[in-house]
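Heads up, the thing below is written out as structure tokens.
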Amino acid sequence: MSLSRRQIAGAVVAAVPLTFGTAQAGEQRRRTVFIAGDSTAAQKYADAAPETGWGMAIPFFLRKGLVVSNHAVNGRSSKSFVDEGRLEVILGAIRPGDLLVIQFAHNDEKATDPVRYTEPWSTYQDYLRLYIEGARARGARPVLATAVERRRFDAGGNAQPSHGDYPAAMRALAEEERVALLDIQALSLQLWQSLGVEETKKYFNWTATEQDNTHFNPPGAIEVARLVARELLRTRVLSPRDLRRLDEAIPESWISWPEAV
């Protein structure tokens, strides 16, 4: 993903993650779902509205007792996230019983950018192992999520994959390391195909000034978050008692964009 001035500004303020569902003082500590990822999952601020990361919508599908700490940041790859010390921040806060959901690929694909580029079958997997091993060493559970698909169709109206070998490399690593896999790439591709060329525009950040086929608006972020929640249930990472509203409509008005600090 190329970074606009607005996205770069958003990346700066997103360095301090927002946490949703924080327990009150004196309450038993709640489990935390940490998110490590890029702009498709990240918290967005008022200057970026209506752009919405799916991490902003995932709390709507989680029951009381689960806290979301969204560390996803615009423009990061599995490599640059580590190199900037962002994984270290998560590992300093994560506790036994917590979850670490890991979604990268969009920026790992940038072969001309040595700061972010990783090769699918070598360095990409090597960096992902740092997240897996770091979480496990602290008694937390790592969860890999293949990158959500872009809005891309061929002339015949068929939704097209855009992430090359990265999803396959993540699937192979998940099997090798025995890590739960949320196959958001495959599921989102199916969703875009079912919606079609025109209907998918209602889920991406298409505005009067932008035609963005990578980032979501509120309806899109809500539906991708729903995919994530359903996959957390399917893989038994979470149980039915941990989830809610999986088949219910979520009002767009529930999404909010705080002012940047």
Given side-chain contact (heavy atoms from CB on, under 4.5 Å), test Arg226 with Arg245 step by step and report yes or no. CA-CA 9 Å; Arg226 192 189 307 273; Arg245 304 191 186 101; 5.7 Å; no

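- The shortest side-chain heavy-atom distance between Arg141 and Asp98 does not fall under the 4.5 Å cut-off.
- Thr207 and Glu210 are not linked by any side-chain donor-acceptor pair at a separation below 3.5 angstrom, with hydrogens and angles left out of the test.
- Across every non-hydrogen atom of Ala221 and Gly53, the tightest pair is CB-O, 3.7 Å.
- The nearest pair of heavy atoms linking Ala169 to Pro120 is CB-O, 3.2 Å.
- Under the 4.5 Å side-chain contact rule for hydrophobic residues, Leu99 and Leu181 do not share a cluster.
- Between His106 and His163, the ring-plane angle classifies as perpendicular under the 30° and 60° cut-offs.
- Arg178 contributes no side-chain N or O that, together with a main-chain N or O of Ala174, makes up a donor-acceptor pair within less than 3.5 Å.
- Under the side-chain contact (heavy atoms from CB on, under 4.5 Å) rule, Leu100 has a single partner from Leu144, Val143, Ile94, Ile35, which is Ile94.
- Here salt bridge (charged side-chain N to carboxylate O under 4.0 Å, His left out) pairs that include residues 180-190, with residues two or more places apart or in two chains, are Arg171-Asp183.
- Hydrophobic clustering, with ILVMFWY side chains joined whenever heavy atoms are under 4.5 angstrom apart, keeps Phe81 apart from Leu182.
- You'll find the side chain of Met170 reaches within 4.5 Å of the side chain of Tyr124, heavy atoms only.
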- Task: Would you check, one step at a time, whether the test side-chain hydrogen bond (donor to acceptor under 3.5 Å, both in side chains) holds for Asp165 with Trp121?
- Result: CA-CA 8 Å; Asp165 281 347; Trp121 297 103; 3.2 Å; yes

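- In this structure, Ser77 contributes its side chain and Ser80 its backbone to a donor-acceptor pair below 3.5 Å.
- Following chains of ILVMFWY side-chain contacts shorter than 4.5 Å, one cannot reach Val82 starting from Val89, and the two form parts of different hydrophobic clusters.
- Using modelled atom types, one finds no donor on one side chain facing an acceptor on the other under 3.5 Å when comparing Trp257 with Asp47.
- Rounding to the nearest 0.5 angstrom, the gap separating the CG atom in Leu187 from the CG atom in Leu191 is 9.0 Å.
- In this structure the side chain of Glu259 never reaches within 4.5 angstrom of the side chain of Tyr45, judged on heavy atoms.
- Hydrophobic cluster membership is shared by Leu246 and Trp54, with clusters built from Ile, Leu, Val, Met, Phe, Trp and Tyr side chains linked at under 4.5 angstrom.
- Across every non-hydrogen atom of Gln125 and Ala172, the tightest pair is NE2-CB, 4.3 Å.
- With a 4.5 Å cut-off on side-chain heavy atoms, Pro219 and Glu252 count as touching.
- Looking at heavy atoms from C-beta onward, Leu243 lies in side-chain contact with Leu62 at the 4.5 angstrom threshold.
- Looking at Val224 and Phe216, their side chains come closer than 4.5 Å, going by heavy atoms from C-beta outward.
- The distance from the CG atom of Asn70 to the CD atom of Gln43 is 6.5 Å, given to the nearest 0.5 Å.
- Among all heavy-atom pairs drawn from Leu91 and Arg138, the shortest one is O-NE, 3.0 Å.
- A donor-acceptor contact shorter than 3.5 Å is absent between the side chain of Lys202 and the backbone of Asn217.
- No more than 12 heavy atoms of other residues, nucleotides or ligands sit less than 6.0 Å from atom CD of Glu175.
- At least one donor-acceptor pair closer than 3.5 Å links the side chain of Asp108 to the backbone N or O of Ser78.
- Looking at Leu189 and Gln185, their side chains come closer than 4.5 Å, going by heavy atoms from C-beta outward.
- Not a single donor-acceptor pair under 3.5 Å links the side chain of Thr32 to the backbone N or O of Phe34.
- Side chain of Arg31 to backbone of Gly97: a donor-acceptor contact under 3.5 angstrom is found.
- For Thr235 (side chain) and Glu231 (main-chain N/O), a donor-acceptor pair under 3.5 Å exists by modelled atom type.
- Checked by atom type and distance alone, the side chain of Asp242 never pairs as donor or acceptor with a backbone atom of Leu66 at under 3.5 Å.
- Placement of Val33 and Leu87 in two distinct hydrophobic clusters is found when ILVMFWY residues are connected by side-chain heavy-atom separations under 4.5 Å, directly or transitively.
- Considering every non-hydrogen atom in both Ser256 and Pro258, the closest pair reads O-CD, 3.7 Å.
- The side-chain contact (heavy atoms from CB on, under 4.5 Å) test applied to Arg152 returns Arg150, Gln160, Ser162, not counting sequence neighbours.
- Within the 4.5 Å cutoff, side-chain heavy atoms of Arg76 are placed close to those of Glu84.
- Note: Asp212 CG to Lys201 NZ = 13.5 Å, rounded to the nearest 0.5 Å.
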What verdict does the side-chain contact (heavy atoms from CB on, under 4.5 Å) test give for Leu238 and Leu233, after you've listed the backbone C-alpha separation in whole Å, the side-chain angles of each residue and the deciding distance to 0.1 Å?
CA-CA 5 Å; Leu238 295 179; Leu233 178 62; 5.8 Å; no

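- Under the 6.0 Å cut-off for aromatic ring centres, Phe204 and Trp192 qualify, their centroids lying closer than that.
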- Task: Take His215 and Thr40 through the side-chain hydrogen bond (donor to acceptor under 3.5 Å, both in side chains) test and state the conclusion after the steps.
- Result: CA-CA 6 Å; His215 303 97; Thr40 59; over 6 Å; no

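- A donor-acceptor pair is defined here as one N or O able to donate and one able to accept, closer than 3.5 Å; no such pair exists between the side chain of Gln103 and the backbone of Ala145.
- Between Trp254 and Phe60, the distance from one ring center to the other falls under 6.0 angstrom.
- Listed here is the closest heavy atom pair of Ala42 and Ala72: CB-O, 3.3 Å.
- The number of heavy atoms from other shown groups lying within 6.0 Å of CD (Glu88) does not exceed 12.
- The only option from Tyr166, Tyr131, Tyr127 that meets the ring pair (Phe, Tyr, Trp, His ring centres under 6.0 Å) definition with Phe104 turns out to be Tyr131.
- For the residue pair Asn74/Lys44, the side-chain donor-acceptor check at 3.5 Å is satisfied.
- Note that CG of Asn205 and OG1 of Thr52 are 7.5 Å apart. Values are rounded to the nearest 0.5 Å.
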- [ ] Carefully, step by step, assess Glu133 and Arg136 under the rule salt bridge (charged side-chain N to carboxylate O under 4.0 Å, His left out).
- [x] CA-CA 5 Å; Glu133 293 167 359; Arg136 283 177 167 168; over 6 Å; no

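- Residues Arg230 and Asp247 are paired through a salt bridge, judged by an N-O separation under 4.0 Å between the basic side chain and the carboxylate.
- Between Glu176 and Arg129 there is a salt bridge, since at least one side-chain N of the basic residue sits less than 4.0 Å from a carboxylate O of the acidic one.
- Side-chain atoms of Arg151 never come within 3.5 Å of backbone atoms of Thr200 as a donor-acceptor pair (strictly under, hydrogens ignored).
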- Message: Checking Asp113 against Arg116 for the salt bridge (charged side-chain N to carboxylate O under 4.0 Å, His left out) test, could you report, in this order, the C-alpha distance in whole Å, the side-chain angles of both residues, the deciding distance, and whether it holds?
- Response: CA-CA 6 Å; Asp113 184 354; Arg116 294 185 285 182; 2.7 Å; yes

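- Partner of Leu173 under the side-chain contact (heavy atoms from CB on, under 4.5 Å) criterion, chosen from Asp126, Ile132, Val179: Ile132.
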